[in-house]
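A quick note: this is a predicted structure, and the numbers were derived from the prediction, not measured.
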Amino acid sequence: MMSRLSSSFAARCGLSLPLAALLGGCDLVVLNPSGDVARQQGDLILWSTGLMLLIIVPVMVLTVLFAWRYRASNKDAEYKPDWDHSIMLELVIWSAPLLIIIALGALTWTSTHLLDPYRPLGRLSPTQAVKASERPLEVEVVSLDWKWLFIYPEQGVATVNELVVPVGRQVRFRLTSSSVMNAFYVPAMAGMIYTMPGMETKLHAVLNRPGQFPGISSNYSGAGYSHMRFTTHSVDDAGFARWVSEARAAKTPLDAATYLKLEKPSEKVPVMRFGGVDKGLFDRIVQMCPDPKRPCDTHNMGHGGQPGVNNRHAMPGEPEGALFKGNEEKHGGDHQSKPSGPAEGTQNPGSEANRNMTQLLRPRVPGASAADRA
């Protein structure tokens, strides 16, 4: 008896060791994150999965049970070829899935609004609410080809491929892209948020414990996409102040000329720090005019630089949004998905001609020459 138990235990161990080896490389950070927003998102995944399993598991069990019970060789199974309807069975079959769908819908509805990335946080942790007097740390994020630029406007510093935030403080991200669409994602902190050229998106998040957490690009953006990674450092207030002092000591400032060099495609870029930042640089990047020699297209952003009103008809003196314009007033966008001339791409995977297949059509500005729009 003992020998059979020993051999059975050894067999189970032998089967479990390869499984443990396979799972050993898995990173379950999504279900065990370090930020409250990501933890709520992980809980939403678990609750949704659990509710769906309430139907999936019984169906799988009953499928096997019925196949075994009513197999051809089982002569003791009750056979009713004329049976075709049961009110109680119909109630169970329809009411159980309906109740689960209602529960999933309610859970998704509340979580979608509660975890809206544009919405400021209501709490830093399950036991700590956000103080009304505490301002969030603002970080401006630009996805470049193929690196990440982080600008700290209040501290007057900027970094490439290095994000540093204080523990237990709300962070307000403003995000955009210099060229193609991308996605900012720190799994330990919050869900991903897209970055798009000419547009600004927002994300509110917090990290609740110190450490180093990977950040990635989760949207394919070209040849250097796989190396578009950065490290997020979560430090205490003293460590953050010390890091800001070190960043300010960097000799190179992030002015327009430096940014125009930085936005050119490059891969495997090491961490870079800038000891100063031109005021309003991020807003000019959003408007696709970081070069001070080029006028910003404030007409498309709204007359006088003010956004158009889309949720109602414009009052006197306000710009009118696109939703309330007539068809004759609407124009095509400034972007196109391929060059206006012959395509420069080749069939060679490593060719430089494949690096940039998008083009921005410069707006027609009164007094601007054709060279200015090139």
Side-chain angles (χ1 to χ4, degrees), residues 33-38 117 120-121 124-125 128 130-144 147-176 178 184-190 193 195 200-217 228-263 269-286 290:
S34 302
D36 185 63
V37 175
L121 301 184
L124 299 177
S125 70
Q128 183 181 3
V130 176
K131 298 179 182 178
S133 58
E134 185 178 5
R135 293 183 57 190
L137 172 67
E138 184 166 303
V139 181
E140 297 167 344
V141 183
V142 184
S143 60
L144 306 170
K147 49 198 170 284
W148 291 95
L149 173 63
F150 302 100
I151 301 175
Y152 295 75
E154 297 178 1
Q155 289 72 26
V157 298
T159 64
V160 171
N161 290 341
E162 182 186 43
L163 175 62
V164 182
V165 299
V167 175
R169 182 177 177 185
Q170 179 180 189
V171 184
R172 177 176 178 262
F173 293 99
R174 300 174 60 198
L175 307 100
T176 191
S178 66
F184 173 82
Y185 188 29
V186 182
M189 182 167 56
I193 188 75
T195 64
E200 176 184 336
T201 53
K202 293 183 178 65
L203 174 67
H204 294 80
V206 63
L207 279 170
N208 298 101
R209 65 172 182 254
Q212 296 183 7
F213 310 98
I216 62 174
S217 165
M228 198 171 172
R229 300 173 178 270
F230 62 93
T231 300
T232 302
H233 303 267
S234 179
V235 298
D236 56 19
D237 291 340
F240 182 73
R242 183 167 56 252
W243 174 82
V244 171
S245 299
E246 294 174 357
R248 286 174 177 169
K251 297 181 180 179
T252 305
L254 184 63
D255 52 19
T258 303
Y259 172 80
L260 292 175
K261 295 178 182 178
L262 188 65
E263 74 170 355
V269 179
V271 172
M272 303 170 62
R273 294 177 179 176
F274 302 94
V277 182
D278 275 6
K279 185 177 181 180
L281 177 61
F282 179 79
D283 293 327
R284 297 203 304 272
I285 296 172
V286 174

Using atom types as modelled, flag every donor-acceptor pair under 3.5 Å from a side chain in residues 230-238 to any protein atom, sequence neighbours excluded.
residue: S234; atom: OG; partner: R209; partner atom: O; Å: 3.1
residue: D236; atom: OD1; partner: G239; partner atom: N; Å: 2.6

For [X], enumerate each residue passing the side-chain hydrogen bond (donor to acceptor under 3.5 Å, both in side chains) test, keeping only those at least two apart in sequence or located in another chain.
X    : answer
R273 : E162
E154 : R135
S143 : S177, T195
N208 : none

Which pair of heavy atoms, one from [X] and one from [Y], lies closest together, and at what distance?
X    : Y    : value
A190 : Y185 : O-CE1, 3.3 Å
V141 : F282 : O-CE1, 3.5 Å
P214 : P187 : O-CD, 3.5 Å
M189 : A205 : CG-CB, 3.5 Å
S178 : V142 : N-CG1, 4.1 Å
V269 : N161 : O-ND2, 2.9 Å

For [X], all residues meeting side-chain contact (heavy atoms from CB on, under 4.5 Å), sequence neighbours excluded:
X    : result
A256 : D278, R284, P292
S245 : none
K131 : S133, E134
R248 : Q155, V157, V244

Quick one: which residue pairs count as a side-chain hydrogen bond (donor to acceptor under 3.5 Å, both in side chains) with a foot in residues 163-174, not counting sequence neighbours?
E138-R172, E140-R174, R174-E200, R174-D283
When rounded to the nearest 0.5 angstrom, what distance separates [atom1] in [X] from [atom2] in [Y]?
X    : Y    : atom1 : atom2 : result
L207 : D36  : CG    : CG    : 10.5 Å
W148 : T159 : CH2   : OG1   : 12.5 Å
F173 : F150 : CZ    : CZ    : 7.5 Å

Side chain proximity check, P290 to Y259, heavy atoms < 4.5 angstrom:
yes
Walk me through it: do T258 and L260 pass the test side-chain contact (heavy atoms from CB on, under 4.5 Å)?
CA-CA 6 Å; T258 303; L260 292 175; over 6 Å; no
Given side-chain contact (heavy atoms from CB on, under 4.5 Å), test F184 with I216 step by step and report yes or no.
CA-CA 7 Å; F184 173 82; I216 62 174; over 6 Å; no
Working for side-chain contact (heavy atoms from CB on, under 4.5 Å), residues I151 and V139
CA-CA 6 Å; I151 301 175; V139 181; over 6 Å; no
Does the side-chain contact (heavy atoms from CB on, under 4.5 Å) test come out yes or no for L121 and V206, once each step is laid out?
CA-CA 9 Å; L121 301 184; V206 63; 3.9 Å; yes
Sequence neighbours excluded - salt bridge (charged side-chain N to carboxylate O under 4.0 Å, His left out) pairs with any residue from residues 249-261
none
